[in-house]
Amino acid sequence: MIARKSFRQIRPLALILLIVLGLPMAFPQSTVEAKVDLVTLPERDRVQMTIYNTADLTLIREVRRLTLRHGGNRLQFGWANTLIDPTSVSLKALKNPDKVVLLDVSFPPRTRGLAEWNIDSEIAGEEPVEITFFTSGISWNAFYLATLTPDEGAMDLEGYVRVTNRSGEDYANAQTRLLVGKINLIDRIIDLARREFPYGRPAEIAVAPAAPPEAKVMLEEAERVMRKVAKEVEKKPKEIIKEALSEYFLYTIEGTETIPNGWGKRLPSFKQPGIPVVSLYKYDEERWGDRVLRFLQFKNDKDHKMGREPLPGGLVKVFRRIDEEAHLSYEGADTTRYIPIGEKVELNLGAARDVRVRAVLIEFRTDHFMFNNRGDVSGWDEYRTFRVGVSNFRSVPIKVEVWRHFDTVHWDLTNYGDYGVYEKVDLKTAKYSLELPPNTKKVFTYGLTTRHGRRAE
Amino acid sequence: MRRAKLGLVILGFLALAATNAQGRIKLVALPERDVTIIRLDNPHVCLVEEERVLTLQKGVNKVDFSWKGVRIDPDSIRLRVLSHPEAVQLLSLSFPPDEAALVWKIASPEGWEERVRISYLLSGIDRLVEYRARTEKDEKNLVLNAYMVLRNFSGEDFERAKVFLDSGGAFEKRIQNGETKRMLFFTARPIPITKTYTWDAAVKPHDPDKAPETVGIPVHYIVENKVSHGLGESALWAGKARIFQDDGQGTSVFIGEDQATFTPVGDRMELYIGDTREIKVTQRKMFEKKINVRRNNSNAIVLYDTDELFTVKVENFKKEPIVLTLIEHISGQWDGEESNFKYEKETANRIKFLVPVPANGSEMLSFHYHRRNCR
């Protein structure tokens, strides 16, 4: 539903709409003269913005009431000093779509940031029209605050979104929607907004230097708006309704928002206490050298009290409650990827100091030599024994993964001791998974046999 | 900007030799352009045809045609006599020095009005096609609007022009120099579409968990240019397509854009709308071994086959079942040994699997093959 709040006009800007009346429709004599003949300045009735996060793009949809004459009507729209893509602007009559027809849009010569619609109307009087266009300069991003319980067995997660408007345009009382997804874009909106000619010229596309919006003036204007809006006291935090759409998710913020140019706004997206988490430590020399990395693992599913919505990528700051008075300590931060519903999450909190893994070679020998006709060595086996010690110096139980990579596909492993769960990940990789109670140590050894030369054939 | 100057000056003269010596005499009569046709059926070149009525005198007439500031290809200019093609003769065509102009000498047996057609290739004017499509919420059909964008930077104003494309009738438009005009060209509805997901082993990372961000899998809409699909009347021109989707709230959401390629009747248009992050694909090589080893006299391997196996795990996080198109590349000579999904050999080295995956479920594809006669 589109919110039907009364319109509070800031500036009639996003599009300057002027109806030009009294001109012969089909082939007007002079467009230059026509521009002086403006008559009506219709107000925005309502505004909806859909903000994308993987591209600098916002879809604006506004409804205005035009007073039309029977026959030809010409309507000007201007986008000077905004970041609007003029090729995206479209107009649709809402009440009489069959009787009010947009014949063409003209970007006349010797004008910039201005276009004309030629509308043929079979009705005379007021007609609500929907105008849609793309603008650059409005963005949103997600971020999260996580708080672990003292034993690290569970986590409270709060998700937020922050909307920032640098479009050169104020949007008042706009229904605000956020689109989570990776759409394909072949042109950046900002480039389209800055073109000298909206569609370029044949065989060349001119990009004019950027004309940044006049920041200071707009800031003053924006503050004025914010003061006005601040009088509307909100009784509770707004809800964000989330639903799947095609391959994307659409977040619709309850009610309407006023976001003046230059301002940002933070909105709570969700709050979920008590998500069970696993402290997972990983040791992988190929990726991180001899450091042990700490991960917080959970799943975006019902078993983990989540699974209602995907988690857009964003920075997660992780804290831990350290006492009964809920004092906090900062544990680390990670930027998550996009997490679909049902997918596992591993937050990388960086190198751990209180979990240690040492994998050392304790024995090396060769055997089973083969010789060719000339008497040279043509094949052999290598035997290595590694000892892996895993120490948990923490006061909480942990899980540890020890990843081992081999530089040949011709290998065999023989395991001794408490090596936990062993898994062949792929042709050259194996993984040991161990569980360690607080303040314990586990040691295991494995024998690695690799075959070389003709022994590998 | 310079005003376009495309002028046609006609000067009838009886004493040919005398006038010739004085050079060209300008602006005697300027017949109005009657009908102008702008033909944009060639994607690279615009052909303009204009008809004018010349008042010819008996004898030799000189017709002066100039195009200062207009981007005409002079060698393409042609004049065709329409009213009396048998009687009126085109004698010569000459180009005066340092001028964008030419002079035709035309011989007429009588004094009369003669309709002529002048045609030329004009650069700086073209058309783009732009599509705007709106799909239903279930993505089964879409409404396709095609717009034509006329761009005129040719130096010439066209007050009334009939614009022709490669198909369909003409439409009449006024387009000035420096002007860009966009108009609806056709609407087709509802067109059934197919949605595909494609994961290509040569393009996408095999271990998405190690990728810096969630790996997106390309999503395409397939539109078939066929009568049975609500289209098929003419080729669909190349152009930018912006796709919207009904959002169930009475409005729509922009879901992506692509550069549509030229699509003849009977062919299909593939539009890459964006990436899904609701499907995850992990490929692992699980087995690779030399077999059927053959050796030379020195006991060195000279020929062998391989025994290889890879697995592909496809996870679907969506609430709906999907079919993933999975592209694998195997070089050299090879034979498939065992596969738990059917595949199609698209080329010698490229195979395609269609893997159906239930909602919120996963599938594990396992492909066992031999490469033959490796050296």
Side-chain angles (χ1 to χ4, degrees), chain A residues 1-2 26-28 31 48 50 52 57 59 61 87-88 90 102-110 134 177 179 181-187 197-203 243-248 250 252 287 310 313 337-343 346 372-373 378 409 424-427 454 457, chain B residues 1 123-126 128 130 132 137 139 149 151 153 159-160 173-174 176-184 213-214 216 219 240 242 245 247-251 253-259 272-278 280 284-290 293 298-301 315 317-319 360:
Chain A
M1 275 298 293
I2 289 182
F27 304 105
T31 31
Q48 178 198 61
T50 309
Y52 293 70
L57 163 72
L59 171 65
R61 174 174 283 113
T87 70
S88 69
S90 75
L102 175 65
L103 297 178
D104 62 39
V105 184
S106 168
F107 303 94
R110 295 173 291 282
F134 293 159
R177 312 192 300 176
L179 191 117
K182 271 177 89 174
I183 57 162
N184 185 36
L185 264 195
I186 54 179
D187 291 306
F197 304 106
Y199 283 93
R201 291 175 65 128
E243 58 179 329
L245 194 74
S246 188
E247 300 309 312
Y248 315 125
L250 187 65
T252 305
R287 294 170 77 184
R337 300 185 282 186
Y338 172 84
I339 311 292
I341 296 169
E343 172 68 312
E346 285 187 353
N372 63 16
N373 295 345
S378 61
V409 302
K424 177 182 171 180
V425 178
D426 65 20
L427 208 54
R454 281 190 49 206
E457 288 166 5
Chain B
M1 187 173 287
S123 56
I125 180 168
D126 70 353
L128 306 172
E130 208 177 56
R132 222 171 220 260
K137 196 157 189 260
E139 300 180 276
V149 180
R151 302 189 295 181
F153 294 87
E159 288 304 318
R160 291 180 74 167
K173 280 289 163 190
R174 168 184 190 266
Q176 293 174 284
N177 179 37
E179 186 177 10
T180 303
K181 211 163 215 175
R182 182 179 74 204
M183 62 216 87
L184 185 66
E213 55 179 44
T214 310
V219 180
K240 182 193 275 188
R242 282 180 161 162
Q245 188 187 3
D247 54 17
Q249 302 177 358
T251 52
V253 169
F254 174 60
I255 59 168
E257 67 182 18
D258 197 9
Q259 188 69 30
Y272 168 33
I273 63 159
D275 286 352
T276 183
R277 296 182 291 185
E278 310 299 322
K280 184 177 173 185
R284 295 195 197 284
K285 190 74 167 280
M286 297 307 287
F287 195 70
E288 184 174 341
K289 197 180 161 189
K290 285 177 189 166
V293 170
S298 312
N299 214 21
I301 296 176
E315 293 166 85
F317 300 115
K318 289 168 68 76
K319 281 185 196 160
N360 298 313

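So that the names make sense, note that chain A is the first sequence line, chain B the second, and so on, each numbered from 1.
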>> So, taking the atom named CZ in A:Arg201 and the one named CZ in B:Arg151, what distance separates them when rounded to the nearest 0.5 Å?
In response: 9.5 Å

> Given the rule in the side-chain contact (heavy atoms from CB on, under 4.5 Å) test, do A:Lys182 and B:Glu213 qualify, once you have shown the distances and angles that lead to the verdict?
Replying inline: CA-CA 12 Å; A:Lys182 271 177 89 174; B:Glu213 55 179 44; 3.9 Å; yes

>> Can you tell me which portion of A:Glu346 sits under 4.5 Å from chain B's heavy atoms? Options are side chain, backbone, both or neither.
In response: neither

> Which atoms of A:Leu102 come close to chain B, meaning under 4.5 Å heavy atom to heavy atom: side chain ones, backbone ones, both, or neither?
Replying inline: neither

> What residue, out of B:Glu315, B:Arg132, B:Glu139, B:Glu257, has the most heavy-atom pairs lying under 4.5 Å from chain A?
Replying inline: B:Glu257

>> Cation-pi check for A:Tyr338 against B:Arg277: NZ or CZ below 6.0 Å from the six-membered ring centre and within 45 degrees of the axis, yes or no?
In response: yes

>> What part of B:Gln259 gets within 4.5 angstrom of chain A, counting heavy atoms only: side chain, backbone, both, or neither?
In response: both

> Taking B:Thr180, B:Thr276, B:Val149 one by one, which has the highest count of heavy-atom pairs under 4.5 Å against chain A?
Replying inline: B:Thr180

>> I'd like to check the salt bridge (Lys or Arg N to Asp or Glu O under 4.0 Å) partners of B:Asp247; sequence neighbours left out, ordered by chain and number.
In response: A:Arg177

> Do you know which of B:Lys137, B:Met286, B:Lys290 has the most heavy-atom pairs under 4.5 Å to chain A?
Replying inline: B:Met286

> Which is it for A:Tyr248 and B:Gln245 under the side-chain hydrogen bond (donor to acceptor under 3.5 Å, both in side chains) test, yes or no, and what are the steps along the way?
Replying inline: CA-CA 11 Å; A:Tyr248 315 125; B:Gln245 188 187 3; over 6 Å; no

> Non-hydrogen atoms of chain A under 4.5 Å away: do they reach the side chain of B:Lys318, the backbone, both or neither?
Replying inline: side chain

>> Between A:Leu245 and chain B, with a heavy-atom cut-off of 4.5 Å, which part of the residue counts as in contact: side chain, backbone, both or neither?
In response: both

> How about A:Lys424: does its NZ atom have over 12 heavy atoms from other parts shown lying under 6.0 Å from it?
Replying inline: yes

>> Under a 4.5 Å cutoff for heavy-atom pairs, which residue among B:Met183, B:Glu288, B:Lys240 has the most contacts with chain A?
In response: B:Lys240

> Quick one: what part of A:Ser378 sits under 4.5 Å from any heavy atom of chain B, side chain, backbone, both or neither?
Replying inline: neither

> Relative to chain A, which of B:Ala300, B:Gly124, B:Gly216 shows the most heavy atom pairs under 4.5 Å?
Replying inline: B:Gly124

> If you count heavy-atom pairs under 4.5 Å between each of A:Pro340, A:Ser90, A:Ser246 and chain B, which one has the most?
Replying inline: A:Ser246

>> If we check side-chain hydrogen bond (donor to acceptor under 3.5 Å, both in side chains) with A:Ser106, which of these qualifies: B:Glu179, B:Arg174, B:Lys181?
In response: B:Glu179

> For B:Phe254, which residues count as a ring-ring contact (aromatic ring centres under 6.0 Å, His included) partner, sequence neighbours excluded?
Replying inline: A:Phe134, B:Phe244

>> Can you tell me which portion of A:Leu185 sits under 4.5 Å from chain B's heavy atoms? Options are side chain, backbone, both or neither.
In response: both

> For B:Arg242, is it the side chain, the backbone, both, or neither that has a heavy atom closer than 4.5 Å to a heavy atom of chain A?
Replying inline: side chain

> Could you go step by step and tell me if A:Leu250 and B:Gln249 meet the side-chain contact (heavy atoms from CB on, under 4.5 Å) rule?
Replying inline: CA-CA 11 Å; A:Leu250 187 65; B:Gln249 302 177 358; 4.1 Å; yes

>> B:Glu130 vs A:Tyr199, test: side-chain contact (heavy atoms from CB on, under 4.5 Å). Steps then yes/no.
In response: CA-CA 11 Å; B:Glu130 208 177 56; A:Tyr199 283 93; 2.9 Å; yes

> When heavy-atom pairs shorter than 4.5 Å are enumerated against chain A, which of B:Val293, B:Asp258, B:Ile301, B:Ile255 gives the highest number?
Replying inline: B:Ile255

>> Which atoms of B:Ile273 are under 4.5 Å from chain A, going by heavy atoms: the side chain, the backbone, both sets, or neither?
In response: both

> If you count heavy-atom pairs under 4.5 Å with chain B, which of A:Ile341, A:Leu427, A:Leu59, A:Asp426 comes out on top?
Replying inline: A:Leu427

> Among A:Thr87, A:Val409, A:Ile186, A:Asn372, who wins on heavy-atom pairs under 4.5 Å with chain B?
Replying inline: A:Ile186

> Side chain, backbone, both or neither: which part of B:Asn360 has an atom under 4.5 Å from a heavy atom of chain A?
Replying inline: neither

> Tell me, side chain or backbone of B:Lys319 under 4.5 Å from chain A's heavy atoms, or both, or neither?
Replying inline: neither

>> At a 4.5 Å cut-off on heavy atoms, which part of B:Lys285 comes close to chain A: side chain, backbone, both, or neither?
In response: both

